[in-house]
Amino acid sequence: MIAYRALIGLVVVVTALLLQATVVGPVAVFVPVSLALVVVLSVALLSGPGTGIALGFGAGLLADLSSSHAVGTLALTWMVGGLLAGRASGVVAPGASVLPANRRIRRRIDRRRIALRLRQGVVVGVLGGAVAAATTVLEQAVGAPVDALSTALVRCLPAMIGDALLALLVLPLVGRVLASAPLRPRTGARPSVAHPPTFPLAAP
Amino acid sequence: MRTLTRRQRRAAIALALVAAFFCALDVAGAPFQGARDGVQGYLGALYRGTDGVLGPTRRWVQAVPHAGGDASTIATLRRQVGDLQRTAAVTAQDKATGKSVQALQLQASRGGYRIAPARVVAIGPAGGFDWTVTVDAGSRDGVKVDQTVLAGSDLVGRVTRVSASSATVLLAADPGSGVGVRNRASAQVGVVTGHGLAPSTYSPLDPSAVPAVGDELVTGPGRASSYVAGLTVGRITAVTKQSDGASLARVTPAVKPAKLDIVGVVLVGGRLPARPALKPTRGAASPTVRADR
């Protein structure tokens, strides 16, 4: 099971890196948007901190190896980002996915769902921008700390906005993939995020 | 906020330490080069494949913001290219015209006559079977009927009709016209008869004269010829003996009617310097002879 999830994770991360390099990078020229980061944060937001830590570290390491800065920078920052997104999953996680028959209630739930998605997008955006800023600081901290700080602050806001927009596109896809049968966490082994726990689980 | 389980906390701290360790290692020295090369090589191949599929769409999206500017730039460039091509064509034509006019100038100086340069504007008359061309010099340029028309130092023909701004020239190749010529090599006089597209024929006045292949024929006295003397008519290419013993030579004309462009009309005949009479010399042993021209 874990091997299966790891394989899926690898495929998703590689695809995200590919699309970032060939499509997102050239189109969003001056905005430091990172599709792979958005994907990692979305998965962490919808799955929990454990997945966030593991996926963040793995994806970050792969992204580090495919670029020219010190190996470990992106691994560290993306892991922390995944951790924070996982922690936020308790707050902005989607509610019950059972659809009532009443159309008015359904519409209300749809509106709530859209609002929820927007909130999730904002969270991912904020985290994404913060991670980008932190990465910039780490990358350039050795040479010129003051410059690094100002560059990071300049990149922070556009990265946040860009990441939030991307997240609005990515989150529904990630949600659908995670809810599919092979990836749905086994009930009882771990608290499932799709169905909020109705009884307190004993934490190890 | 979801809190981390102890296992997760420990895992996070451990991974953070590992990442920091990797950072330090990489900054210090570099055991990661092999892994880096491997990943970048693999991803590079994947990038190329993906770009092959998504590239056109991506480039289209990138071009959208400055599509308007590009369109106007393309239009401007097209106009410039058209202008430059026209200029190049005109320059080439001007060069050829310049060379022809230079040849005419040379001939005018050599022959001592005035030449009106003209351009051939039509080949062949509107109806009729004469071998004629129309040139764009006319009576207002001083052209008169029966004046010689030449191209460089070669004979083209004779003016037959003149109007105010154009003239009709009968070509030497016209079947039926005869040009009095002199064989430059042997000084024999004869007549060259045109045969249209076929090569002209030359029959010497003296039936016993045998022209040689390669002899050059220039205009000279011969049938009441009004051509200016000294212009090349053609070159002998073959000699045959006719039934009555006289020789008949085949002549390639010096001028091809289809290639005529700039021609000159000789406005006055060759100006012969006044020939002084031979006078008996006083006391000199040998008489002096002044060559004319």
Side-chain angles (χ1 to χ4, degrees), chain A residues 14-15 17-27 29 44-45 47-54 56-58 60-80 82-93 138-139 141-142 190-191 193 201 203-204, chain B residues 1-70:
Chain A
V14 169
T15 311
L17 285 174
L18 273 181
L19 288 176
Q20 167 73 29
T22 52
V23 177
V24 177
V27 171
V29 176
L45 190 63
S47 302
T51 319
I53 294 172
F57 187 79
L61 200 59
L62 203 59
D64 268 338
L65 285 173
S66 71
S67 58
S68 55
H69 50 241
V71 173
T73 3
L74 284 183
L76 187 59
T77 46
W78 286 18
M79 188 195 71
V80 171
L83 199 158
L84 293 174
R87 287 196 62 182
S89 73
V91 175
V92 284
L138 264 184
E139 270 179 40
V142 179
R190 222 184 262 197
V193 178
L201 283 174
Chain B
M1 293 291 267
R2 292 264 296 271
T3 47
L4 297 170
T5 62
R6 209 179 301 160
R7 246 179 61 188
Q8 286 168 345
R9 215 174 295 152
R10 266 185 265 146
I13 294 175
L15 285 176
L17 284 175
V18 168
F21 179 57
F22 281 172
C23 270
L25 261 187
D26 203 29
V27 167
F32 288 105
Q33 205 47 44
R36 256 223 177 96
D37 287 340
V39 170
Q40 284 181 350
Y42 186 59
L43 279 179
L46 287 178
Y47 287 160
R48 272 199 299 281
T50 316
D51 196 54
V53 175
L54 296 174
T57 319
R58 190 243 307 163
R59 278 187 279 275
W60 186 87
V61 169
Q62 279 177 307
V64 165
H66 37 88
D70 278 349

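First the proteins, then the strands, lettered A, B, ... as listed; each starts at 1.
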query = What part of A/Leu61 gets closer than 4.5 Å to chain B, counting heavy atoms only: side chain, backbone, both or neither?
reply = side chain

query = In Å, rounded to the nearest 0.5 Å, how long is the span from CZ of B/Arg9 to CD1 of A/Ile53?
reply = 10.0 Å

inquiry  = Tell me which pairs pass salt bridge (charged side-chain N to carboxylate O under 4.0 Å, His left out) where either residue lies in residues 26-35 of chain B, with sequence neighbours left out.
reply    = B/Asp26-B/Arg36

ask   = Do you know which of A/Leu76, A/Leu62, A/Val14 has the most heavy-atom pairs under 4.5 Å to chain B?
value = A/Leu76

remark   = Assert top hit (heavy-atom pairs under 4.5 Å, partner chain B, pool A/Gly86, A/Ala75, A/Ala70, A/Gly82) equals A/Ala70

task = Can you sort out the partners of A/Ala21 under side-chain contact (heavy atoms from CB on, under 4.5 Å), two or more places apart, ordered by chain and number?
result = B/Tyr47

request  = Return yes when atom CZ of B/Arg48 has more than 12 non-hydrogen atoms of other residues, nucleotides or ligands closer than 6.0 Å, and no otherwise.
outcome  = no

request  = Using a heavy-atom cutoff of under 4.5 Å, enumerate the residues of residues 11-24 of chain B that contact chain A, numbered in order, or state 'none'.
outcome  = B/Ala12, B/Leu15, B/Ala16, B/Val18, B/Ala19, B/Phe22, B/Cys23

message = Which heavy atom of A/Pro49 sits nearest to which heavy atom of B/Gln8, and what is that distance?
response = CG-OE1, 3.6 Å

request  = Select, from B/Asp51, B/Leu46, B/Asp37, the one with the greatest count of heavy-atom pairs under 4.5 Å involving chain A.
outcome  = B/Leu46

task = Please report the shortest heavy-atom distance between B/Leu43 and A/Leu18, naming the atom on each side.
result = O-CD2, 4.4 Å

Steps toward side chain to side chain contact (heavy atoms under 4.5 Å, CB included) verdict (B/Leu54, A/Leu19) = CA-CA 9 Å; B/Leu54 296 174; A/Leu19 288 176; 3.7 Å; yes

key: Residue list, side-chain contact (heavy atoms from CB on, under 4.5 Å) with A/Leu84, at least two apart or on another chain   = A/Val80, A/Leu127

message = Any non-hydrogen side-chain atom of B/Leu25 less than 4.5 Å from a side-chain atom of A/Val71?
response = no

